[in-house]
Amino acid sequence: MIAEVIVDVAAHPIDRPFDYAIPKHLEVLAEPGMRVKVPFGNRKVLGFITDLKETSEFDPTRLKPIHELMDVVPVLNKEMLEMAKWMKEQTVCFEIDALKVMIPAALRAKYEKRFVLNAPLEAIAEPLRPYFKDKTFLKAQEAVEVYALLKKEMTNGTIIADTDISQQTAVKKVKMIHITESLEQLEAIDVRANAKQQIKLLAYFKKNSGRTIEASQLQKEAGVTLPTVYSLAEKGAATISNMESYRDPTLLTDIEKKEFLQLTDAQQTAFNAIDAALNTPKTFLLHGITGSGKTEIYLQTIDQVLKEGKEAIMLVPEISLTPQMTIRFKERFGDMVAVLHSGLSAGEKYDEWRKIQRHEVKVVVGARSAIFAPFENLGLIILDEEHESSYKQDDSPRYHARDMAIWRSEYHSCPVLLGSATPSLESYARAQKGVYELLVLEQRAKNQPLPSVEIVDMREELRRGNRSMFSVQLADAIRESLERKEQVVLFLNKRGYSSFVLCRDCGTVMQCPNCDISLTYHRSSELMRCHYCGHDEPVPHICPECTSEHIRFFGTGTQKVEEELAKVVPGARVLRMDVDTTRNKGAHEKILSAFGEGKADILLGTQMIAKGLDFPNITLVGVLSADTTLHLPDFRAAEKTYQLLTQVSGRAGRDVLPGSVIVQSYTPEHYAIILAKDQLYEPFFDQEMAMRRASGYPPYYYVVNIQFTHEDLMTVAGYAEQTVRYLSSQLSPNTLIIGPSASLIARVNNRYRYQCLIKYKKEPKLTEVMQQLIKIYRTEWLKKGATLSIDMNPTSVM
DNA sequence: AGCACGCCGACT
DNA sequence: GTCGGCGTGCTC
């Protein structure tokens, strides 16, 4: 038998199946979807069997055999293999990348070069011998100082180079102690009189005969150490075995089961619509204002799916997988739920994934990649906050979880439910056209009024001589809230606001030497760092250009706001939440729960606090500057701003206390800001659609972004220019080709970046032309050191 | 991508 | 005379 294998080499000429002979003894085991080790050229690589067949087009005498099967049960099923092929077409990626993104990182290969001893130890040079003492190989990393000697041996053939392929994490095992059942047997065991520990343990064994207990538990209960257990086990008092176990990532034990809430009429109507379509591949868009109780609908429709014996996937945007969401799912579905998000270690993710694969859970709550949960009987897929850009992966494979969801819904003939208070224009436009079915929740579930939103014109403040970042209104409101012992959330739009260093004499801003971007000041490490290439250098005390001492930190990082805040409300307890304070595992949850428990008066943070925050005592939300996202050179700038403002103001007044929101802006007349004030989605949609139509962007046009990089500016500009000419000659006349132009950040890591945009409505030849373009790149530009990347339907074009 | 093969310059 | 530079070509 012959296996078609996609090998783990991401390169254009390799991006196709290679045929391998299956050794006789593996024929019964081999199945599509299994990982294999195969010889490839003169090395070994990992690959996936994608198909089995009897004959090969390739010269059968030159077929190499599969070296090793890595799995007993396939890690990918038929659906996933099919989906990978589609994804490759859809996103223009390598098939191997599509396959790899579907399995947990722990199962992806780890390659390690090593030197293997191929002769008796005495045969190699004396200085090398200690390195091979009691082992036959040496990791290349640990041999740097003897490379020269090794090389010599390799020409003799006494040492050969090899690559070791292993997976990244193993199954966790726990030691189980099974205590002998028969009391007579235990009585008969003879222990020396001075072996106090053993006597103690034996007494414990007699009391617990027949029990099976985890070793760590036993050590605690009996007060003994493992060697004692071993010596008694040798005498026949117990047997010791290793049992597979799961790492428990949630730390959410003892969650009380909760019953479902009574749905409001509006919720019931939405629920009924979905319920009626549970066996149809239909996409719903649930448009519900903040606090309208979308989650309850998710929970109850999922319950309905489980009752039919099917499974459900619940996707949430990356960081916003707040403890609250997890808790609500655990409350309703208990241990039927697996959780997959970025906060888990590779081992924890692998364990959660195995629970899904083994059908031990029925629901998965997770971020983007959870869309690949290997359920076989899928009944429903939900994307909460469907407009979030984190659903699109921003490196290859550049897939969108929404597209994958719809593909799977067709495969399983089950519905997709997209939920948002601020749907993406694409989804809402589709709902209006009837491609998706629109469901609306207009009222908040607990019938609270929407928070009152006040927009403060910061230009006015400036004119009145207030140069601080807090307007009079906001400062007063903060003080009043604190007097009433209520909580405040302050939101800082981080983008474009990171701290940079500016010389006040010559105007020099410290730049990264490799990239066209200014360096960011990091207080924790006292370094200036580039966010693009990672370059860092010490903070200067004099200007590097003019040696003036008048340099100062500019911009408004959260740290800076915190300092100013101390002047406005002295003594207030402030919790800061940003990349710096949430770097550690679980820090995010810790800060939120501390705030929830009332351990602080003010929560100050960036984007990440915009979502999921649901505490009853928050009555004031302040947005320090609404404009920062608005003026980015991107077609989604207004949409993002509207979404952010709505999202943030939704954090106020979620319970009995009424909420108020203060939005500070330098362009308060912009429609995105005015319409977000009263959550007027429809008018915003109409106005933004008109803009998109006028400028030829989605949803009116589809967009493809093609990026080029090269060390040399003229070269990269030339390739981009050639591409534009080529595309114009190949694509239909109605298609617009924009550019080429230098990217917004024109140089990263000393490579120049150019890009061009394709905007089209209908382009049947698109995939074909993209493949052709790749071919040109492959044969002509790749060896000259250029890179090319294609982003289909980018979330932004910056 | 990685790795070998192969053909021309500066060293033991 | 050999070591080693990276151009070119292949991987079932």
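So that the names make sense, note that chain A is the first sequence line, chain B the second, and so on, each numbered from 1. We use all heavy atoms of the structure for the numbers below, so side chains are in, but hydrogens, waters and symmetry mates are not.
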Would A/Arg358 and A/Glu244 pass as an ion pair if we require N to O under 4.0 Å?
-> yes

Atom pair distance, as rounded to whole Å: CZ in A/Arg778 and P in B/dA1 | 12 Å

When rounded to whole Å, the CD to P distance for the pair A/Glu57 and C/dC12 reads 17 Å

Checking A/Glu388, A/His387, A/Glu386 against A/Ser424 for side chain to side chain donor-acceptor pair (under 3.5 Å), the one that qualifies is A/Glu386

So which of A/Leu736, A/Leu731, A/Val703 actually passes side chain to side chain contact (heavy atoms under 4.5 Å, CB included) with A/Ile758?
-> A/Leu731

Can we call the ring centroids of A/Tyr754 and A/Phe708 under 6.0 Å apart?
-> no

Tell me: NZ of A/Lys37 to P of C/dT11, nearest whole Å?
-> 23 Å

Take the protein atom CG of A/Leu782 and the nucleotide atom P of C/dG9, then report the distance between them rounded to whole Å.
-> 14 Å

Find the distance A/Tyr111:OH to B/dC3:P and express it as a whole number of Å.
-> 12 Å

Could you tell me whether the phosphate oxygens of B/dA4, OP1 or OP2, come under 4.0 Å of any side-chain nitrogen or oxygen in A/Asn42?
-> yes

Round to the nearest Å and state the distance from A/Asp19 atom CG to C/dT11 atom C1'.
-> 13 Å

A/Arg129 charged N/C atom sitting above A/Tyr131 aromatic ring, 6.0 Å / 45° | no

If you look at every strand shown and take non-hydrogen atoms under 4.0 Å, does A/Arg62 touch a base, only sugar-phosphate, or nothing?
-> sugar-phosphate

Nearest-Å distance, CG (A/Asp15) to P (B/dG2)?
-> 15 Å

Nearest-Å distance, NZ (A/Lys64) to P (C/dC10)?
-> 14 Å

Between B/dA1, B/dC3, C/dC12, which nucleotide gets closest to the side-chain atoms of A/Phe58?
-> C/dC12

For A/Pro17, which contact category applies under a 4.0 Å heavy-atom criterion: base, sugar-phosphate, or nothing?
-> nothing

Which part of the nucleic acid, if any, lies within reach of A/Ile14 when heavy atoms closer than 4.0 Å are counted: base, sugar-phosphate only, or nothing?
-> base

Heavy atoms under 4.0 Å, any strand shown: does A/Phe40 hit a base, just sugar-phosphate, or nothing?
-> base

